[in-house]
Amino acid sequence: MLPSNAIPGRIDIWVFVAIEVVIFSSYFVAYMLHRVWEPALYLESQQQLSQHFGAANTVILLVSSWLMAGAVQAAREGRHAAAQRQVWATMAFGGLFIASKLVEWSSKIGDGYTLTTNGFFTFYYFLTGIHVVHVLMGFGFLAVAIHQMRSPARRSIPAIEACGIYWHMVDFLWVIIFALLYVMR
């Protein structure tokens, strides 16, 4: 059991997350500046996206975060089989998110909106694309968590927590991307 004042994971994952958040923050600032410079273009382009699709993606990732939080808690309690099932379910929701993005991108490209259509769509494809890359990297973290839980000799709660921390960061970044691209008018 984690002491009430302990920070989960290890310092290295928090440094990594901080670096990722700084990098993504620079992308978000660049997006906001361009949006300020061309508000009509960004508003018109943004209306080509489906808020329902973006919201569904958000729900998918929030459920995946909930599952991962449950997996970490189960691992802390020594329920490793249950924790593994929850990590596999987390991966399934991550896969569903990627499939959803591929469907959405195909639809937008089919409608004639590509990376080079305008500044908004450049940011749309870049931000959502770099996020999908991070989801794929998250699969590596989730595989590490499963590997950790398979053998009593390898079970490291801080390592499993680090995997959860990374996955939550990816989900948190999506919430910001969703707000910027789909919601903010």
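Being a predicted model, the structure only gives us computed values, none of them experimental.
Phe178 is connected to Trp105 through a chain of hydrophobic side-chain contacts under 4.5 Å among Ile, Leu, Val, Met, Phe, Trp and Tyr, so both are in one cluster. Criterion: ILVMFWY side-chain heavy atoms under 4.5 Å apart, direct or through other members. Under it, Met169 and Ile19 are part of a common hydrophobic cluster. Grouping the Ile, Leu, Val, Met, Phe, Trp and Tyr side chains by contacts below 4.5 angstrom, directly or via other members, places Trp88 with Ile60. Cluster membership for Leu181 and Val59, using ILVMFWY side-chain heavy atoms within less than 4.5 angstrom, is shared. One hydrophobic cluster holds both Val133 and Leu115 under the rule that ILVMFWY side chains link at heavy-atom gaps under 4.5 Å.
Closest heavy-atom contact between Ala145 and Met68: CB-CE, 4.5 Å. Contact record, Val72 with Gly164: CG2-CA, 4.3 Å, taken as the closest heavy-atom pair. Residues Met149 and Val87 come closest through the heavy atom pair CE-CG2, 3.6 Å. Looking at every heavy atom in both residues, Gly119 comes nearest to Leu41 through N-CD2, 4.3 Å. Taking both residues in full, the closest heavy atoms of Asn57 and Glu104 are given as ND2-OE1, 3.7 Å, listed atom of the first, atom of the second, then distance. Here the closest non-hydrogen pair linking Gly112 and Thr117 is O-OG1, 3.4 Å.
Atoms CH2 and CD1, from Trp14 and Ile165 in turn, are 4.5 Å apart once rounded to the nearest 0.5 Å. Atom OH of Tyr31 is separated from atom CG of Leu127 by 8.0 Å, given to the nearest 0.5 angstrom. The distance from the CZ atom of Phe93 to the OG atom of Ser64 is 8.0 Å, given to the nearest 0.5 Å. Between Ile177 atom CD1 and Phe126 atom CZ the span is 9.5 Å, to the nearest 0.5 Å. Interatomic distance, Ile160 CD1 to Gln73 CD, rounded to the nearest 0.5 Å: 12.0 Å. Rounding to the nearest 0.5 Å places NE2 of His134 at 7.0 Å from CD1 of Ile23.
Side-chain contact of Thr128 with Trp174: a donor-acceptor pair under 3.5 Å is absent, judged by distance alone. Looking at Trp167 and Ser65, their side chains never bring a donor and an acceptor atom within 3.5 Å of each other. Judged purely by distance below 3.5 Å, without hydrogens or angles, the side chains of Gln51 and Tyr182 never pair a donor atom with an acceptor atom. A donor and an acceptor atom, one from each side chain of His80 and Gln148, are nowhere located under 3.5 Å apart.
Within a 6.0 Å sphere centred on CH2 of Trp66, other residues, nucleotides and ligands contribute 12 heavy atoms or fewer. The environment of Phe172 atom CZ is sparse: at most 12 non-hydrogen atoms of other residues, nucleotides or ligands sit within 6.0 angstrom.
Tyr166 has its side chain within reach of Phe16: a pair of non-hydrogen atoms, C-beta onward, lies under 4.5 Å apart. Looking at heavy atoms from C-beta onward, Arg150 lies in side-chain contact with Gln84 at the 4.5 angstrom threshold. The closest side-chain heavy-atom distance from His131 to Lys101 is not below 4.5 Å. Side-chain contact between Glu20 and Val170: absent, with no pair of heavy atoms (C-beta onward) separated by less than 4.5 Å. The side-chain heavy atoms of Ile13 and Phe141, taken from C-beta on, include a pair separated by under 4.5 Å. Side-chain atoms of Thr122 and Thr116, non-hydrogen and from C-beta on, never get closer than 4.5 Å to each other. By the 4.5 Å heavy-atom criterion applied to side chains, Phe139 and Ile98 are counted as neighbours. Counting only heavy atoms from C-beta outward, the side chains of Phe24 and Phe28 approach each other to under 4.5 Å.
For the pair Ser100 (side chain) and Leu96 (backbone), a donor-acceptor distance under 3.5 Å is absent. Between the side chain of Lys108 and the main chain of Gln48, a donor-acceptor pair closer than 3.5 Å is present. Between the Asp111 side chain and the Tyr113 main chain, no donor and acceptor come within less than 3.5 Å of each other. Under a 3.5 Å cut-off, the side chain of Thr90 and the backbone N or O of Gln86 do form a donor-acceptor pair.
Ring orientation note: the planes of Phe121 and Tyr124 are nearly perpendicular, at an angle over 60° on the 30°/60° scale.
Aromatic ring centroids of His34 and Tyr42 lie 6.0 Å or more apart.
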Checking side chain to side chain contact (heavy atoms under 4.5 Å, CB included) for the pair Glu38/Asn118: CA distance, chi angles, key distance, verdict?
CA-CA 11 Å; Glu38 298 183 275; Asn118 61 36; over 6 Å; no

